[in-house]
Amino acid sequence: HALTLPMVHAMTDALLAWREDAAMQTIVIDHAEGRGFCAGGDIAFLRNSALNDGGTSGRQFFHDEYQLNHLLFTYPKPVVAFMDGITMGGGVGISQPARFRVATENTRLAMPETGIGLFPDVGGGWYLSRLAGRIGAFLALTGARLDGAECLAVGLATHYLPAAALPEAKARIAAGEQAGAALGSLAVEPPPARILANRADIDRLFASDRLEEILAALEGDGGEWAAKELATLRTKSPQTCKVALRQLATSAGLPDFAANMAMEYRIASRVLTRPDFAEGVRAVIVDKDNAPAWNPATAEGVSDELLDAIFAPLPEDVEWRPLD
């Protein structure tokens with residue numbers, strides 16, 4: 001269930017064709033049978049680009065994917081995303097722009113990119129920076145997986161339905177019923193959202209926009225939850241953790257989603273060919289030894305100058321722009 005470039009192009013073409021078609025009233029984004037909604041972008045393709053063509057085809061992937069993300073975000077007709085099962089990375093990018101985002105007991109939503117030397121892109125800077133408190137920073141750094149109840153509680157889902165009710169929801173929408181009415185009538189009360197039990201610790205220990213200070217806060221806390229999250233952060237790329245923190249802080253002040261996507265394209269263009277991405281994918285996806293050799297290896301080794309270079313504007317002729 002990876003999001004490939006042909007899939008990006010097929011979705012974009014369909015959305016553009018349906019945008020002015022009066023017969024098309026509601027767009028549904030669903031998935032084929034299997035593990036879930038979408039496990040993310042085509043990481044193998046991107047790594048191959050980083051290793052073999054200097055990132056050229058990978059940058060094209062990001063460029064076109066981000067245009068799809070923006071098209072969905074600005075789409076004039078209601079979009080419904082059924083986030084049943086795994087919804088990660090690129091899957092978040094095609095579900096979060098939807099007006100209606102449906103979670104179930106099977107939903108497992110995450111932005112796990114810092115574990116492979118990437119960053120929470122596809123609009124992650126926009127969505128995560130606008131969550132309450134420091135939940136967004138926590139999710140961006142740790143890659144924590146949220147279940148359906150948690151997605152609803154923090155605002156990443158608009159409705160919680162039992163998975164068994166999804167066929168009826170889809171049938172009613174296809175028959176012409178307003179999506180909000182159909183989903184609202186089938187929605188149920190979710191179980192307690194586990195993340196809310198840790199909300200005070202998240203806001204306190206992830207309060208800083210500096211990775212070193214977050215690590216120090218977790219190390220000095222002494223609690224079991226803090227120790228677990230510290231151990232998690234120690235496995236992540238220090239470079240892309242710092243990128244993510246600056247990304248969210250910057251995005252919070254941007255005027256619109258297009259500006260966010262232009263920023264994320266600049267980041268992606270640089271991070272794609274830095275050592276951590278190919279190494280992270282090798283360790284987690286290819287060799288599966290889960291022992292990446294990050295470069296730089298520590299938070300202190302990731303300089304502000306390096307971050308400045310990653311976020312710097314691109315030449316005018318290669319800056320990202322939305323579709324008309």
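Note that these values count all heavy atoms, side chains included, but never hydrogens, waters or copies made by symmetry. Because the structure is a prediction, the values reported are computed rather than measured.
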- Counting only N and O atoms by type, is there a donor-acceptor contact under 3.5 Å from the side chain of E213 to the main-chain atoms of S208? no
- Query: Does the Q247 side chain pair with the main chain of P120, one donor and one acceptor, at a distance under 3.5 Å?
  - Reply: yes
- Do W18 side-chain atoms and Q25 backbone N/O form a donor-acceptor pair below 3.5 Å? no
- Task: May I ask whether L186 and V188 are part of the same hydrophobic cluster, defined by side-chain heavy atoms of I, L, V, M, F, W, Y residues being less than 4.5 angstrom apart, directly or through others?
- Result: no
- Residues L183 and A169: closest non-hydrogen pair is CD2-CB, 4.1 Å
- Taking atom types as modelled, is there a side-chain donor on S49 or R59 under 3.5 Å from an acceptor on the other? no
- State plainly whether one hydrophobic cluster holds both I86 and I116, where clusters connect Ile, Leu, Val, Met, Phe, Trp and Tyr through side-chain heavy atoms under 4.5 angstrom apart. no
- How far does CZ of F138 sit from CG of L128, to the nearest 0.5 angstrom? 12.0 Å
- Student check: side-chain heavy atoms of D221 and L218 closer than 4.5 Å: no
- Query: Would you say L307 and K242 make side-chain contact, with heavy atoms under 4.5 Å?
  - Reply: yes
- Approximate separation, where rounding is to 0.5 Å, of Q239 CD and D276 CG: 5.0 Å
- With a 4.5 Å heavy-atom cut-off, do F45 and S57 have their side chains touching? yes
- Message: If you count heavy atoms of other groups shown closer than 6.0 angstrom to CD of E319, is the number above 12?
- Response: yes
- Hey, does the side chain of H31 reach the backbone of F82 with a donor-acceptor pair shorter than 3.5 angstrom? no
- State, yes or no, whether a side-chain contact exists between L215 and L230 at a heavy-atom distance under 4.5 Å. yes
- Under 3.5 Å, side chain of D287 to main-chain N/O of A283, donor-acceptor pair present? no
- Would you call E219 and R234 a salt bridge, using N to O less than 4.0 angstrom? yes
- Query: When clusters are formed by joining ILVMFWY residues with side-chain heavy atoms under 4.5 Å apart, either directly or through shared neighbours, do L314 and I310 land in the same one?
  - Reply: yes
- Message: Would you say that E113 contacts T240 through its side chain, given a criterion of any heavy-atom pair below 4.5 Å between the two side chains?
- Response: no
- Task: Could you please spell out the steps behind the side-chain contact (heavy atoms from CB on, under 4.5 Å) verdict for F37 and L109?
- Result: CA-CA 10 Å; F37 182 75; L109 183 148; over 6 Å; no
- First locate atom OG1 of T250, then atom CD1 of I267, and finally report the distance between them rounded to the nearest 0.5 Å. 7.5 Å
- Query: Has the side chain of R172 got a donor or acceptor atom that lies under 3.5 Å from a matching backbone atom of E177?
  - Reply: no
- Query: Got a sec: does the CZ of R145 have more than 12 other heavy atoms crowding it under 6.0 Å?
  - Reply: no
- Query: Is there a donor-acceptor pair under 3.5 Å between the side chain of H1 and the backbone N or O of G36?
  - Reply: yes
- Pairwise distance CG(L68) to CE(M261) - rounded to 0.5 angstrom: 9.5 Å
- Message: Any heavy-atom pair between the side chains of T114 and F119 that's under 4.5 Å?
- Response: no
- Message: Just verifying a value: how many Å separate F277 CZ and S237 OG, rounded to the nearest 0.5 Å?
- Response: 11.5 Å
- Message: Can you classify the ring geometry of W126 versus F73 as parallel (below 30°), tilted (30 to 60°) or perpendicular (above 60°)?
- Response: perpendicular
- Mind checking whether V28 and L3 sit in one hydrophobic cluster, side chains of I, L, V, M, F, W, Y counted as touching below 4.5 Å? no
- Task: Could you walk me through whether E229 and T142 pass side-chain contact (heavy atoms from CB on, under 4.5 Å), step by step?
- Result: CA-CA 7 Å; E229 299 307 329; T142 67; 3.6 Å; yes
- Lys/Arg N to Asp/Glu carboxylate O, E316 vs R321, below 4.0 Å: yes
- Item | Heavy-atom closest pair, residues E279 and A293 | OE2-N, 2.8 Å
- Query: Can you name the closest pair of heavy atoms from I135 and R199 and give their distance?
  - Reply: CD1-CD, 3.9 Å
- With a 4.5 Å heavy-atom cut-off, do T87 and C38 have their side chains touching? no
- Message: Just to verify, which of R266, R270, R246 counts as forming a salt bridge (charged side-chain N to carboxylate O under 4.0 Å, His left out) with D308?
- Response: R246
- is_close_aromatic(W320, F257), centroid dist under 6.0 Å: no
- Item | 4.5 Å side-chain heavy-atom contact, Y75 and I27 | yes
- Flag, side chain of T107 to backbone of M83, donor-acceptor distance under 3.5 Å: yes
- Message: Checking D42 against T4: is there a side-chain donor and acceptor pair closer than 3.5 Å?
- Response: no
- Message: Distance alone, cut at 3.5 Å: any donor-acceptor contact between the side chains of D121 and Y265?
- Response: no
- Item | CD/Q178: more than 12 non-hydrogen atoms of other groups inside 6.0 Å | no
- side-chain contact (heavy atoms from CB on, under 4.5 Å) evaluation trace for E168 with L161: CA-CA 11 Å; E168 181 181 348; L161 271 64; over 6 Å; no
- Message: Using 0.5 Å steps for rounding, measure from the CE atom of M11 to the CD1 atom of I29.
- Response: 4.5 Å
- Would a hydrophobic clustering, with Ile, Leu, Val, Met, Phe, Trp and Tyr connected at side-chain separations under 4.5 Å, put I195 with L156? yes
- Task: Using only heavy-atom distances, determine whether the side chains of N260 and S251 contain a donor-acceptor pair under 3.5 Å.
- Result: yes
- Message: Taking the basic N atoms (NZ, or NE/NH1/NH2) and the acidic carboxylate oxygens, is any pair closer than 4.0 Å for K228 and E224?
- Response: no
- Contact summary for W294 and G115, nearest pair of heavy atoms: CH2-O, 3.6 Å
- Note on the structure: Looking only at heavy atoms, the pair that brings F100 and P78 closest together is CE1-CB, 4.1 Å
- Message: Set out, in order, the CA-CA distance, both residues' side-chain angles and the distance that settles side-chain contact (heavy atoms from CB on, under 4.5 Å) for L152 and H159, then state yes or no.
- Response: CA-CA 7 Å; L152 186 69; H159 295 79; 5.6 Å; no
- Task: Looking only at non-hydrogen atoms, find the nearest pair between M7 and A2 and report the distance.
- Result: SD-O, 3.3 Å
- Item | Basic-acidic side-chain contact under 4.0 Å: D209, R134 | yes
- Could you tell me whether a side-chain N or O of N69 sits under 3.5 Å from a main-chain N or O of G123, the two making a donor and an acceptor? no
- Query: Between D147 and R194, is there a salt bridge with N-O shorter than 4.0 Å?
  - Reply: yes
